[in-house]
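Just so you know, these numbers come straight off a predicted model, no measurement behind them.
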Amino acid sequence: MRISIDADVVLIANVGGGLLGNDELHAHSNHHWTPQPSASSFLHALEVPSRGGDTTWINAVLAYETLDEATRREIDDLQLITYNPFLRRFRPLASGRAPLYRTPEIEPLSPYVAHPLVRTHPDSGKRLLYLDTHTEVEVLGWPARRGAALVERLRAHLLQPRLAYTHRWSVGDLVWWDNQATIHSRSAFEAGERRVMKRVSLAGTRPF
């Protein structure tokens, strides 16, 4: 029997017209660059490679809570623009590089929206560090050099192993995660192997 993919179900696969191929995906929150990012996602494993393709989640609440008090005070009221990485693919820089921080000589990708660098979880009320590890960003109102240095420091903090959980997929696994409290990444796997997943993302609210 042929199973069709509903419009609200995204095929995350390196075959059959699926998204995202087999390369490493750095830690991010789904639809972070939109006005109302996804609240949570489900991922169902249909086929998995023999090695690689693992998903790692980083606890963004714990990341914020383990920052020193001075850093928390420094970032609590900052706004961050997270640029859509898919737009950068269509508007590559002359150098061919993918910037981690937008500097004045780089034309901003539009449309874009600013969200709090430290957001409040809408259900728990907990504060969390709302920052991807490799997506192009900009601290609103800060000089580029100062903003880039801050973001680099926060990203190094996020990548501590104590904040992470890595899941090795098995066929049939169904995992749900909170995009409002975590960021997630995927390890690379061999192009000759198949990784086929179905993902459903649930609508969220404007971060505050």
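In the displayed structure, R153 atom CZ is contacted under 6.0 Å by more than 12 heavy atoms of other residues, nucleotides or ligands. Heavy atoms of other residues, nucleotides or ligands lying less than 6.0 angstrom from CZ of F208 number more than 12. Counted within 6.0 Å of CD on E190, heavy atoms from surrounding residues, nucleotides or ligands total 12 or fewer; the atom is thus considered open. Heavy atoms of other residues, nucleotides or ligands lying less than 6.0 angstrom from CZ of R162 number more than 12. Atom CD of E107 has 12 or fewer heavy atoms from other residues, nucleotides or ligands within 6.0 Å.
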What do the steps show when you test L87 against W33 for side-chain contact (heavy atoms from CB on, under 4.5 Å), and what is the final call?
CA-CA 11 Å; L87 292 180; W33 51 88; over 6 Å; no
Is there a side-chain contact (heavy atoms from CB on, under 4.5 Å) between L100 and V151? Walk through the geometry before answering.
CA-CA 9 Å; L100 298 179; V151 167; over 6 Å; no
side-chain contact (heavy atoms from CB on, under 4.5 Å) for L43 and D173? Distances and angles first, verdict last.
CA-CA 8 Å; L43 195 58; D173 284 354; over 6 Å; no
Apply side-chain contact (heavy atoms from CB on, under 4.5 Å) to the pair V175 and M197, showing each step before the final yes or no.
CA-CA 11 Å; V175 175; M197 308 270 190; over 6 Å; no
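Residues L131 and L140 do not share a hydrophobic cluster, defined by chaining ILVMFWY side chains whose heavy atoms lie under 4.5 Å apart. The cluster map of Ile, Leu, Val, Met, Phe, Trp and Tyr, joined by side-chain heavy atoms under 4.5 Å apart, puts L158 and L154 in the same cluster. Transitive grouping of hydrophobic side chains (ILVMFWY, heavy atoms separated by less than 4.5 Å) keeps V171 and F189 in distinct clusters. Under the 4.5 Å side-chain contact rule for hydrophobic residues, V118 and L159 share a cluster. In the hydrophobic clustering of this structure, Y83 does not group with L150; members are Ile, Leu, Val, Met, Phe, Trp, Tyr whose side-chain heavy atoms approach within less than 4.5 Å, directly or through other members.
Taking NE2 of H32 as the start and OG1 of T82 as the end, the distance is 3.5 Å to the nearest 0.5 Å. Distance check, rounded to the nearest 0.5 Å: CD1 of I106 to CZ of R97 gives 4.5 Å. Between atom CG of residue D77 and atom CG of residue L117 there is a gap of 10.5 Å, rounded to the nearest 0.5 Å. For the atom pair CD1 of I58 and CD1 of I183, the computed distance is 4.0 Å after rounding to the nearest 0.5 Å. Taking CZ of R102 as the start and OH of Y112 as the end, the distance is 7.0 Å to the nearest 0.5 Å. Atom CH2 in W169 sits 10.0 Å away from atom CG in D54 (nearest 0.5 Å).
Without hydrogens or angle criteria, E24 side chain to A188 main chain gives no donor-acceptor distance under 3.5 Å. At least one donor-acceptor pair closer than 3.5 Å links the side chain of T133 to the backbone N or O of A27. For S124 (side chain) and H121 (main-chain N/O), no donor-acceptor pair under 3.5 Å exists by modelled atom type. R119 contributes no side-chain N or O that, together with a main-chain N or O of Y130, makes up a donor-acceptor pair within less than 3.5 Å. No side-chain donor-acceptor contact under 3.5 Å links H115 to the backbone of I81. With hydrogens and angles ignored, the 3.5 Å screen pairs a side-chain donor or acceptor of Q160 with a backbone N or O of H157. Judged by distance alone, with hydrogens and angles left aside, the side-chain atoms of S29 form a donor-acceptor pair with the main-chain N or O of N179 at under 3.5 Å. Under a 3.5 Å cut-off, the side chain of R206 and the backbone N or O of P37 do not form any donor-acceptor pair. A donor-acceptor pair under 3.5 Å links the side-chain atoms of R72 to the main chain of L67, judged by distance alone. Side-chain atoms of R186 come within 3.5 Å of backbone N or O of D23 as a donor-acceptor pair.
Using a 4.5 Å heavy-atom cutoff, the side chains of I12 and R195 are in contact. Between I75 and L129 there is a side-chain heavy-atom pair separated by less than 4.5 Å. Between N84 and P111 the shortest side-chain heavy-atom distance does not fall below 4.5 Å. Using a 4.5 Å heavy-atom threshold, the side chains of R91 and L109 count as touching.
In terms of heavy atoms, N14 sits closest to E193 at ND2-O, 2.6 Å. Counting all heavy atoms, side chain and backbone alike, G16 lies closest to L11 at O-CD2, 3.7 Å. Scanning all heavy atoms of the two residues, the minimum distance from L62 to N59 falls at N-OD1, 2.9 Å. Residues L80 and V137 share a closest heavy-atom pair of CD1-CB, 4.0 Å. Nearest heavy atom pair, residue D178 against residue A39, reads OD1-O, 3.1 Å. Closest of all the heavy-atom pairs between P116 and P207 is CD-O, 3.8 Å.
Ring-plane geometry between W57 and Y165 is classed as parallel, the angle between the planes falling under 30 degrees on a 0 to 90 degree scale with a further cut at 60. Aromatic ring orientation, H26 versus H134: parallel (interplanar angle below 30°, classes split at 30° and 60°).
Taking D76 as the reference, R127 meet the salt bridge (charged side-chain N to carboxylate O under 4.0 Å, His left out) condition, with sequence neighbours excluded.
Just one of T56, N30, D132, T55 meets the side chain to side chain donor-acceptor pair (under 3.5 Å) condition when paired with H184; it is N30.
If you check the side chains of E152 and Y101, you find no donor sitting under 3.5 Å from an acceptor.
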